[in-house]
Amino acid sequence: MRSKHVSPNNPAPVLQHPDWSKNAVIYQINTRQFTPEGSFRSAEKQLSRLKNLGMDILYLMPVHEIGRKNRKGTLGSPYSVRDYYSVNREFGTVADLTHFVGAAHDLDMHVIIDWVANHTAWDNPLASEHPDWYARNWKGEFRPTPWRDWPDVIDLDYHSNGLRRYMINAMKYWVAEAGVDGFRCDVAGLVPTDFWNAAREELDRVKPVFMLAEWESRDLHERAFDMTYSWDWFDAVLELVRGENDLGGLFYYYSRNETSFPASGMRMLFVSNHDKNAWEGTEFELFGHGVRTAIVLSAVSEGMPLVYNGQEAGNRKRLAFFERDPIRWRDHPHGGLYSSLADLKKNNTALWNAPWGSRMIQVTNSVPARVFSFVRMNDRDRVFAVMNFSGKPAHVRFIDGPYHGSYTEHFTREGVKFPRRGSLHLEPWGYRVFVAV
């Protein structure tokens, strides 16, 4: 699919998104911590729950065998890959992974796996079999990624055509043999874009795939990736809820997204993921009283919301990265919040993912430093969202924008009619999502 509204500075990508991604929500599984057993077979038992939660794309963190040389911690980082054709025995077997994928497909969900193309473990056999495929430091030795605290990996060098062919064939193997539906590509911007373009073209010949880049770059959308990370969105919302900035940072993000990124390119929005949770804090630590407001914005603004495993259970611990540290599952209001938002996204076409969804239209208001308001609408649906990003109550008068009309508030189910120059009272950190009648 391609957007019909493309500016000369905002070219349409040539790739086609798989149709099943049009109103999808993505869920990240840290297999090591997802269940007490930490295996694919035990994770498979949770698929019905995830389906009921409203999840559509299941993103598995790296599934491959982990290197032992220079390993971090007891179990090592899953991003230190020893063999691209293997499965980490900690999680199970290739057959277990294939069964997991098949069971997800039976529930009309799709599975993508993490792909670490920038570097390998020190003891990956490629280092001895093809040493010319690796980058070198000033002494001519294998090197970890410069300026990063990644001593357990060594960088690959994509000047090698042999490496490119090997890596594409390995990716195709998992699509063809295990049935995976695409890849989340680690530090995608550290690998040449022309490699990703070639990989996507070959993968789509096997079957239509979904590609997520852990990077923010317009060019990655053109031929390779359906979706990129929105780190800048996370930072803008975090600064806002901490009182370090007003809504200007968020306005800048949405302005840049609309004018600099392709209209049909998807962006992934999140208040947590494995990096944020492990190294910076849980969403409760980071966003405090504004966490629910941030979650709502991630689901109703332009972008695909990510749920990191445990968020629906209100997980309040930083999950260990190199050791076993299973999530403690429980019922929590955030589970109902995510489920409700996922249901709204699926059924309201204005909220669908680009290019199927609608652009945000700013609704100017009388509290511009802390109350964010916008409309997303098309010929069929309209959503009017208002959010108070502060710990103070706000009486808001709406000044301009296509917000007037009759609505049902999504969470309370109360009917409301907004005239021109309408107003609204919001409690601290309050939010309202109005759905046109």
Indicate the ring-plane relationship of [X] and [Y], choosing parallel, tilted or perpendicular according to the 30° and 60° boundaries.
X: Phe100; Y: Phe40; value: tilted
X: Trp20; Y: His110; value: parallel
X: His332; Y: His334; value: perpendicular
X: His17; Y: Trp356; value: tilted
X: Phe322; Y: Trp279; value: tilted
X: Tyr407; Y: Phe418; value: perpendicular

Measure centre to centre between the rings of [X] and [Y], then say whether the value is under 6.0 Å.
X: Tyr403; Y: Phe434; answer: no
X: Trp231; Y: Tyr253; answer: no
X: Trp115; Y: Tyr84; answer: yes
X: Phe398; Y: Phe384; answer: yes
X: Tyr431; Y: Phe372; answer: no
X: Phe270; Y: Tyr229; answer: yes

Quick one: do the [X] and [Y] side chains pair a donor with an acceptor below 3.5 Å?
X: Thr228; Y: Arg267; answer: yes
X: Thr349; Y: Asn378; answer: yes
X: Thr193; Y: Asp219; answer: no
X: Tyr254; Y: Arg359; answer: no
X: Tyr79; Y: Asp152; answer: no
X: Ser80; Y: Ser77; answer: no
X: Asp96; Y: Thr93; answer: yes

Answer yes or no: does atom CZ of Arg324 have more than 12 heavy-atom neighbours from other residues, nucleotides or ligands under 6.0 Å?
yes
Could you check if a side-chain atom of Pro78 sits within less than 4.5 angstrom of a side-chain atom of Asn88, using non-hydrogen atoms only?
no
So, taking the atom named [atom1] in [X] and the one named [atom2] in [Y], what distance separates them when rounded to the nearest 0.5 Å?
X: Asp381; Y: Ser358; atom1: CG; atom2: OG; result: 8.0 Å
X: Arg421; Y: Ile399; atom1: CZ; atom2: CD1; result: 7.0 Å
X: His395; Y: Leu426; atom1: NE2; atom2: CG; result: 10.0 Å

To check you understand the geometry: which heavy-atom pair defines the closest contact between Leu15 and His221, and what is its length?
CD2-O, 3.5 Å
Of all the heavy-atom pairs spanning Ala342 and Met55, show the shortest one and how long it is.
CB-CE, 4.4 Å
Test Tyr59 against Asp114 for side chain to side chain donor-acceptor pair (under 3.5 Å), laying out the working first.
CA-CA 7 Å; Tyr59 144 38; Asp114 223 321; 3.0 Å; yes
